Novice: 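The structure under discussion is supplied below as structure tokens; questions concerning it will follow.
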Amino acid sequence: QVHLVEFGGGLVQPGGSLRLSCAAPGFTLDYYAIGWFRQAPGKEREGVSCISSSDGSTSYADSVKGRFTISRDSAKNTVYLQLNSLKPEDTAVYYCATDEGPSTWCDLYEYEYVYWGQGTQVTVSS
């Protein structure tokens, strides 16, 4: 089983930025597509962004496109989600997840992801 750990959540003012990290000690994340999902209290979990294990293709939810950027640093075995221009409605627990790898491309269907981290809290408030 791939054990994922998210880092980088915190409290930020509207319009601010955060960078979330996804790591998996003992596993090579290059072999997997990585998806970022989020869940706010009382709401269903939704897909945010993903990056494939093959050509690095990416996908974004309409609600975050142009504000969030996903990237992969193979040397550090880490996947990042850069959150810019944050809004209060971005407040949620953010999770990273993997498919069973390798992947040709990625999408944001939750059922395709099998290993999940415990999440990191992002709070956007003044």
Side-chain angles (χ1 to χ4, degrees):
Q1 181 175 330
V2 179
H3 296 281
L4 298 168
V5 181
E6 300 95 340
F7 302 92
L11 175 65
V12 64
Q13 294 183 337
S17 298
L18 288 172
R19 188 177 73 168
L20 307 183
S21 301
C22 178
F27 298 88
T28 301
L29 291 182
D30 281 353
Y31 298 158
Y32 304 92
I34 305 296
W36 284 97
F37 295 78
R38 67 185 182 185
Q39 187 168 26
K43 297 184 178 180
E44 295 184 355
R45 188 155 55 190
E46 62 177 346
V48 176
S49 184
C50 64
I51 185 167
S52 75
S53 63
S54 181
D55 62 359
S57 62
T58 60
S59 184
Y60 296 91
D62 289 342
S63 60
V64 307
K65 191 172 184 178
R67 298 189 298 121
F68 293 4
T69 303
I70 191 169
S71 62
R72 185 191 299 270
D73 187 333
S74 296
K76 296 182 178 179
N77 195 33
T78 301
V79 173
Y80 302 102
L81 184 67
Q82 180 69 41
L83 288 65
N84 294 330
S85 301
L86 283 163
K87 305 174 181 179
E89 51 263 43
D90 295 317
T91 296
V93 176
Y94 284 70
Y95 301 88
C96 66
T98 74
D99 66 359
E100 294 186 290
S103 56
T104 303
W105 58 72
C106 74
D107 52 39
L108 293 172
Y109 294 112
E110 184 174 329
Y111 73 86
E112 295 185 355
Y113 295 84
V114 296
Y115 301 120
W116 294 78
Q118 291 299 117
T120 185
Q121 177 72 49
V122 172
T123 302
V124 185
S125 176
S126 60

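Since we're looking at a predicted model, the values are computed, not measured. For reference, positions follow the sequence shown, starting with 1.
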Novice: Rounded to the nearest 0.5 Å, what separation is found between the OG1 atom of T123 and the CD atom of Q13?
Specialist: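 The CD atom of Q13 is 13.0 Å from OG1 of T123, to the nearest 0.5 Å.
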Novice: Please report the closest heavy-atom contact between P14 and S126, naming both atoms and the distance.
Specialist: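 So the two residues come closest at CD-N, 3.7 Å.
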Novice: Tell me, which pairs form a salt bridge (charged side-chain N to carboxylate O under 4.0 Å, His left out) where one or both residues lie in residues 102-123, sequence neighbours left out?
Specialist: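 Listed by first then second residue: R45-E110.
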Novice: Is the W116 ring parallel, tilted or perpendicular to the Y95 ring (thresholds 30°, 60°)?
Specialist: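 Aromatic pair W116/Y95 classed perpendicular.
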Novice: Output all residues satisfying side-chain contact (heavy atoms from CB on, under 4.5 Å) with D90, sequence neighbours left out; order by chain, then residue number.
Specialist: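 Testing D90 for side-chain contact (heavy atoms from CB on, under 4.5 Å), a comparison that skips the adjacent residues, returns R38, R67, F68, L86, K87, Y94, V124.
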Novice: Which pairs would a plain distance check flag for residues 17-30, meaning a side-chain donor or acceptor within less than 3.5 Å of a matching protein atom at least two apart in sequence or in another chain?
Specialist:
from, atom 1, to, atom 2, distance (Å)
S17, OG, N84, OD1, 2.9
D30, OD1, S74, OG, 2.9
D30, OD2, S74, OG, 2.9

Novice: Can you confirm whether more than 12 heavy atoms, excluding those of E44, are under 6.0 Å from its CD atom?
Specialist: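 Result for CD/E44: open.
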Novice: If you round to the nearest 0.5 Å, how far is CD of E100 from OH of Y115?
Specialist: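 Reported to 0.5 Å precision, the distance equals 6.0 Å.
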Novice: What is the distance from atom CG of L11 to atom CD of Q121, rounded to the nearest 0.5 Å?
Specialist: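 Going from the CG atom of L11 to the CD atom of Q121 covers 9.5 Å.
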Novice: Indicate yes or no: at least one non-hydrogen side-chain atom of Y31 is less than 4.5 angstrom from one of P102.
Specialist: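 No; the side chains remain at least 4.5 Å from each other.
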Novice: For the residue pair S57 and C106, what are the closest heavy atoms and their distance?
Specialist: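 Scanning both residues, the minimum pair turns out to be O-SG, 3.9 Å.
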Novice: Linking I/L/V/M/F/W/Y whenever any side-chain heavy atoms sit under 4.5 Å apart, do Y80 and V12 land together?
Specialist: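 No, no single cluster joins them.
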Novice: Would you say Y60 and L108 make side-chain contact, with heavy atoms under 4.5 Å?
Specialist: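 Heavy-atom side-chain distance check fails, nothing below 4.5 Å.
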Novice: Give the cluster check for V93 versus F37: same hydrophobic cluster or not, with ILVMFWY residues linked at side-chain heavy-atom distances below 4.5 Å.
Specialist: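 Yes, one cluster joins them.
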Novice: Check whether any side-chain N or O of E6 sits under 3.5 Å from a backbone N or O of Q118 as a donor-acceptor pair, and report yes or no.
Specialist: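 Yes.
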Novice: Is it possible for you to say whether V114 and Y32 belong to one hydrophobic cluster, with membership spreading through side-chain heavy-atom contacts below 4.5 Å?
Specialist: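 Yes, V114 connects to Y32 through the hydrophobic network.
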Novice: Within the side chain of Y113, is there an N or O that forms a donor-acceptor pair under 3.5 Å with the backbone of W36?
Specialist: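 Answer holds: no.
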Novice: Nearest 0.5 Å, please: how far is CG in L81 from SG in C50?
Specialist: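 Reported value, rounded in 0.5 Å steps: 11.0 Å.
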Novice: Would you say the side chain of C96 lies within less than 4.5 Å of the side chain of V79, judging by non-hydrogen atoms?
Specialist: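 When only atoms from C-beta onward are counted, C96 and V79 do not touch, as no gap falls below 4.5 Å.
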Novice: When rounded to the nearest 0.5 angstrom, what distance separates CD1 in I51 from CD1 in I34?
Specialist: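 The CD1 atom of I51 sits 9.0 Å away from the CD1 atom of I34.
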Novice: Taking all non-hydrogen atoms of both residues, which atom of G47 and which atom of A61 are closest, and how far apart?
Specialist: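 That closest heavy-atom pairing would be O-CB, 3.4 Å.
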